[in-house]
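Take a look at the structure below.
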Amino acid sequence: MHAPAGSCGRLEVITGPMFSGKSEELMRRVRRARIAGVEALVISHSLDTRAELSAVTSHIGVTVPAVPVGDVASLAEAARAEDVDLVAIDEAQFFGPDLVPAVEKLLSRGIDVIVEGLCVTFDGDPFEPLPTFMALAEDVTKLTAVCTVCGRDAVFHERIAAAPAGSATDIDASHIGGLDSYVARCREHFGHGTATEP
């Protein structure tokens, strides 16, 4: 079910803080696309070793098979190697700003792309490349989590363990974690100290 010759693909973004259901939403869209006969390739970052490397796994344990890659060049190579209509990219923030031109190339080939990831760092700054993708996309879904202090919508997440040296955008395995390392926060309760739970 390929796009008509000469047409560009469509860019969709799924974003929000940790624990907002981003991966579940990505998987839901991939499952629906496959039911409709769309050939979909799911890409994950090889830094994400929380569960099986060859699958996207949500915090609640739902999985979908994925191709793990470590950089943008490997992502582009994986997409070239497959005859696909849709490329779905999990945890896009780990690929950095170089992902933007790679996605633009996929779109120019008529391939639809779903980009999913964090748009904000654990210290509250914009987390590229998601803000750029949000500006360029045909469709943006921004999800919220639940603040673990008051229960309101949370648009932030923050560390509850001491952070290693470096900035919140220096990508390494310490940026991947669950309830033992991060918590969701509303605007009011964000930034009230990240070393321990209040």
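When reading the values below, keep in mind they use all heavy atoms of this one structure, side chains included, and skip hydrogens, waters and symmetry mates. The structure presented is a predicted model; accordingly, all values stated were derived computationally and were not measured.
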Inset, instruction - Could you walk me through whether Glu12 and Asp112 pass side chain to side chain contact (heavy atoms under 4.5 Å, CB included), step by step? - result: CA-CA 8 Å; Glu12 297 180 42; Asp112 292 335; over 6 Å; no
Inset, instruction - Find out whether the Lys NZ or Arg CZ of Arg159 is both under 6.0 angstrom from the six-membered ring centre of Phe122 and within 45° of the ring's axis. - result: yes
Legend entry - Verify same cluster id: Val103, Val100 (apolar side-chain graph, 4.5 Å): yes
Legend entry - Shortest non-hydrogen contact from Val42 toward Pro65: CB-O, 3.5 Å
Inset, instruction - Report yes if the side chains of His189 and Cys150 come closer than 4.5 Å at any heavy-atom pair, otherwise no. - result: yes
Legend entry - Transitive ILVMFWY side-chain link Val120 to Val146, under 4.5 Å: no
Legend entry - Check against side chain to side chain contact (heavy atoms under 4.5 Å, CB included), Phe95 and Val69: CA-CA 10 Å; Phe95 292 101; Val69 299; 3.6 Å; yes
Inset, instruction - Test side chain to side chain contact (heavy atoms under 4.5 Å, CB included) on Val87 and Ile43 and set out the steps. - result: CA-CA 7 Å; Val87 173; Ile43 299 284; 4.1 Å; yes
Inset, instruction - Calculate, to the nearest 0.5 Å, the distance between atoms NE2 and CG belonging to His157 and Asp123 respectively. - result: 8.5 Å
Inset, instruction - With side chain to side chain contact (heavy atoms under 4.5 Å, CB included) as the test, would you mind laying out the steps for Arg109 and Lys105 before giving the verdict? - result: CA-CA 6 Å; Arg109 289 168 45 196; Lys105 286 181 183 177; 5.5 Å; no
Legend entry - Test: Lys22 and Glu24 ion pair at under 4.0 Å: no
Inset, instruction - Hey, could you give me the CZ/SG distance between Phe190 and Cys147, rounded to the nearest 0.5 Å? - result: 11.5 Å
Legend entry - Flag, side chain of Gln93 to backbone of Leu118, donor-acceptor distance under 3.5 Å: yes
Legend entry - N/O donor-acceptor pair under 3.5 Å between Glu138 side chain and Arg10 backbone: no
Legend entry - Carboxylate-amine/guanidinium contact Arg152 Glu188, below 4.0 Å: yes
Legend entry - Ser23 and Arg28: CA distance, side-chain angles, deciding distance, side chain to side chain donor-acceptor pair (under 3.5 Å) verdict: CA-CA 9 Å; Ser23 293; Arg28 185 187 73 83; over 6 Å; no
Legend entry - Option passing side-chain contact (heavy atoms from CB on, under 4.5 Å) with Leu99 (candidates Thr132, Val72, Val113): Val72
Inset, instruction - State whether the number of non-hydrogen atoms from other residues, nucleotides or ligands found under 6.0 Å of Glu77 atom CD is greater than 12. - result: no
Inset, instruction - Working to the nearest 0.5 Å, report the span between SG of Cys186 and CG of Asp153. - result: 9.0 Å
Inset, instruction - With the side chain counted from C-beta on, respond yes when Pro126 and Cys119 share a heavy-atom pair under 4.5 Å apart, and no when they do not. - result: no
Legend entry - Contacts of Arg34 that satisfy side chain to side chain donor-acceptor pair (under 3.5 Å) - sequence neighbours left out: none
Legend entry - Salt bridge present between Glu158 and Arg185 (N-O < 4.0 angstrom): yes
Legend entry - Closest non-hydrogen atom pair, Pro129 against Pro97: CB-CA, 4.0 Å
Inset, instruction - Please check if the side chain of His45 supplies one atom and the backbone of Gly70 the other of a donor-acceptor pair under 3.5 Å. - result: yes
Inset, instruction - Using a 4.5 Å cut-off on heavy atoms from C-beta on, say whether the side chain of Leu26 contacts that of Ile114. - result: yes
Legend entry - OG1 on Thr141 to CD on Glu116, rounded to 0.5 Å: 11.5 Å
Legend entry - Presence of salt bridge, Arg29 and Asp139, under 4.0 angstrom: yes
Inset, instruction - Please report the closest heavy-atom contact between Val84 and Ala40, naming both atoms and the distance. - result: CG1-C, 4.4 Å
Legend entry - Between CZ on residue Phe156 and CG on residue Asp125, distance to nearest 0.5 Å: 10.0 Å
Inset, instruction - Supply the atom-to-atom distance Ile111 CD1 to Leu106 CG, rounded to the nearest 0.5 angstrom. - result: 5.0 Å
Legend entry - Close side-chain approach of Thr15 to Met134, heavy-atom, < 4.5 Å: yes
Inset, instruction - Could you tell me whether a side-chain N or O of Glu25 sits under 3.5 Å from a main-chain N or O of Ile14, the two making a donor and an acceptor? - result: no
Inset, instruction - Look only at the side chain of Asp85 and the backbone of Val38, and say whether a donor-acceptor pair between them is shorter than 3.5 Å. - result: no
